Enquirer: 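Below you will find the structure I want to go over with you.
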Amino acid sequence: MALTREQLAQRVAQEFQDGYYVNLGIGIPTLAANYIPDDVQVMLQSENGLLGMGPFPLDEEVDADLINAGKQTVTMITGASLFSSAESFAMIRGGHVDLTVLGAFEVDCQGNIASYMIPGKLIKGMGGAMDLVAGADNIIVTMTHASKSGQSKLLAECTLPLTGKGCIDRVLTDLAFLDIADGKFILRERAPGVTVEEIIGLTDGELIVPDNVPEMVF
Amino acid sequence: MALTREQLAQRVAQEFQDGYYVNLGIGIPTLAANYIPDDVQVMLQSENGLLGMGPFPLDEEVDADLINAGKQTVTMITGASLFSSAESFAMIRGGHVDLTVLGAFEVDCQGNIASYMIPGKLIKGMGGAMDLVAGADNIIVTMTHASKSGQSKLLAECTLPLTGKGCIDRVLTDLAFLDIADGKFILRERAPGVTVEEIIGLTDGELIVPDNVPEMVF
Amino acid sequence: MSGFDKVVSSYEEAMAGLEDNMTIIAGGFGLCGIPENLIKEIKRRGTKGLTIASNNAGIDGAGLGLLLEDKQIKKMIASYVGENALFEAQMMSGELEVELTPQGTLAEKMRAGGAGIPAFYTATGYGTPVGEGKEEREFDGRPYILEKAIRGDFSIAKAWKADRFGNLMFRKTARNFNPMAVTAGKIAVVEVEEIVAVGQLDPDEIHLPGIYVNRLIKGTFEKIIEQRTVRSA
Amino acid sequence: MSGFDKVVSSYEEAMAGLEDNMTIIAGGFGLCGIPENLIKEIKRRGTKGLTIASNNAGIDGAGLGLLLEDKQIKKMIASYVGENALFEAQMMSGELEVELTPQGTLAEKMRAGGAGIPAFYTATGYGTPVGEGKEEREFDGRPYILEKAIRGDFSIAKAWKADRFGNLMFRKTARNFNPMAVTAGKIAVVEVEEIVAVGQLDPDEIHLPGIYVNRLIKGTFEKIIEQRTVRSA
């Protein structure tokens, strides 16, 4: 079975290590904050100028001056810090964030990512995504493995305009967890009940399948 | 008579306008702070990270954490602000300081300045001087017009390694106040009792002498 | 007060000198920390042909969105322009030019503009549409693109507290682009919630020194929330 | 405490991993705001062949001057190196290499190193010995030179207060190069006068977020004054 949104978020959260500073993109990445293991503390970076983002506020705590990068009202955890956008992206571009998780339309086996623009459709902009993929050493892309019509989104070469070139080395899809290295996808884990054959069939870019591809454990 | 150090400082202070942010180099420029006109308020920038430098402290006020760019203990005026060296030079390089006053060994009629290094002698370094001359639009160089042996320091071309190229347009010496424009010195004022001929004789670079060269008024 | 008193008495005075076809650098992220009243004053003045650098372009009927109603903006330099139907319509019709700029690059371009750095290299945007036509260069084996500083005729920004000298403090994530925006305009106009006496701000806690500020005004703010999200107790 | 607790229990632990021939980025201006005890620990370790980027090189017997006594420094990147006879002697004899760098350029090189900017253009140093061998380029009719970022294996810095997460506050002009120095080292070590409980620092007033800090230690400081200047009452 393909992973649910919640399972994707859970699997992302397994990558969190104690003491990690993490930037979570809008959507499934943000959900991962709900599954942080008990023995692990991570600090969430919000690129609009907050390190130590907390949960949504109680109704009476809502503060128009305290939002996240998705413009949602949030809170701060104890030990948080606030700073300008220039400082925030100095942090991101300088590689100080330990883990970045974000969504994509397509990735390819060269490590390219397309996530912000579909030609002919409305262009809303890249926000901080280009900075995040260029600045982080440790990125996980979360996405569906293929479109509803069965078209692979793990390509030999991205068809959409790129958000970043050669900067992605890990992809978590609803079917599999893959590394990208030397121009190839490498299958590391599969979703429970999903076969290696299914993944091969829905992966367009060159795919290395090790002898043992364990199922994800939740 | 050649100006004294105090007169040089006084003449510099006449250039202060109300509301000016000013950076004063070590030596005579610093002395100018003692002659700020009563109806004028200036704020002194110290490039080690202080805007709003006050006088030296009383003995009991001395604070090792509060020094100026010459490493002297200082105080802050009401309304001062503190910041990092990067921010300080953002301010300087970005042209936000209204007036910079600093000393020099030589200037020439191309607007070049040499102030930090005499080959063969000990090289101590340029500190912030290169940033100051490159960043400021409004600079006054204060210096003696000639060496004790009568060698001009206002040259056709600097002989010493440069601190900045083409960035000086006003020079105050112990004999004269001059502009620099279009590759020429222009004599604007002379020290009381100093003749135009004396100045001509001690100026090596091309010198324009207007019909009327008033004496400085103190 | 002294020559360092930056306080002006009206919004009209705050934006005096703004002319058609000028460039404005604006602070704010979404509708958070935007100079609401300075934007309304620009709308009141009817200034046209403006180029505005701001992370976002407001929403319909609020923030910079107000300036779209009378087609005052010629060009928008922003990282994200969604959630704005009027913007979309003017962009699609070609009336409004848009230069999409990555958020961190935009912040750094504003900082560079204020800091006398004419251009810098960044990996952000390399190999993407943002890098097209820009110089590429390797440093230590990694490719980067050259990005130029941005400066404006005016800056408009919003801070929390200021003293009359224009020393500024921002509050929470309403800081965002505001400090850099202030530094990058020839005439920097800042509106604040509170103006305190000089000496009331701790010099160590000032976020941006008054040297960057030309005009200061106290405003009242609506502070519209774009995405009010709450949890239950 | 959590994985964000940066506090180490000894100076030995603070500088663990420092090896010969490494590069260190150091905060401080003159003897103001220098990481006194981290420097003493480097002296105790006897690490040799160091490249150190710091605005100054201390004075005889204090600050980085201590590391000259056993010839631990191979190369100094600084803007001003006067007031130090031992430094002068080693420089003149060729034992010590010196790369004079304008003060603002040095600060910006450290910031760039921490901020992922590999290089930037500046007018500072154009047409001077500092510009020799560097690329020159015009922007808007004005010439600039290309300066590269600087990064270190270690940063050593001194702050005033910190919480255990490494969130830092600096005091007065002891801030100087310290914030940028912290960001530019792979392992950033900071010593402070006081460590407070997490939550004691106002998030709006933190000068440098703990994300940049790897190791934190509380020290006691001598705070030598180079030029004690006073006025009479």
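Note that this is a predicted model, so its numbers are computed, not measured. These numbers come from the heavy atoms of this one structure, side chains and all, not from hydrogens, waters or symmetry mates. Order of the sequence lines fixes the chain letters, A, B, ..., with proteins taken first and strands second; residue numbering starts at 1 for each chain.
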Enquirer: Quick one: what part of C:Y121 sits under 4.5 Å from any heavy atom of chain D, side chain, backbone, both or neither?
Expert: both
Enquirer: Contact part of C:L146 toward chain D, heavy-atom cut-off under 4.5 Å: side chain, backbone, both or neither?
Expert: side chain
Enquirer: Between atom CE of C:M169 and atom CD of D:E205, what is the distance when rounded to the nearest 0.5 Å?
Expert: 5.0 Å
Enquirer: If you count the non-hydrogen atoms of other residues, nucleotides and ligands that lie under 6.0 Å from NZ in D:K223, is the total more than 12?
Expert: yes
Enquirer: Look at D:H207, D:E108, D:R175 and state which one has the largest set of heavy-atom pairs under 4.5 Å with chain C.
Expert: D:E108
Enquirer: Considering only heavy atoms, which portion of D:R171 lies under 4.5 Å from any heavy atom of chain C: side chain, backbone, both, or neither?
Expert: both
Enquirer: Does atom NZ of C:K148 have more than 12 heavy-atom neighbours, drawn from other residues, nucleotides or ligands, at distances under 6.0 Å?
Expert: no
Enquirer: Heavy atoms only, distances under 4.5 angstrom: which of C:F120, C:Y144, C:F170 has the most pairs with chain D? Name it, please.
Expert: C:Y144
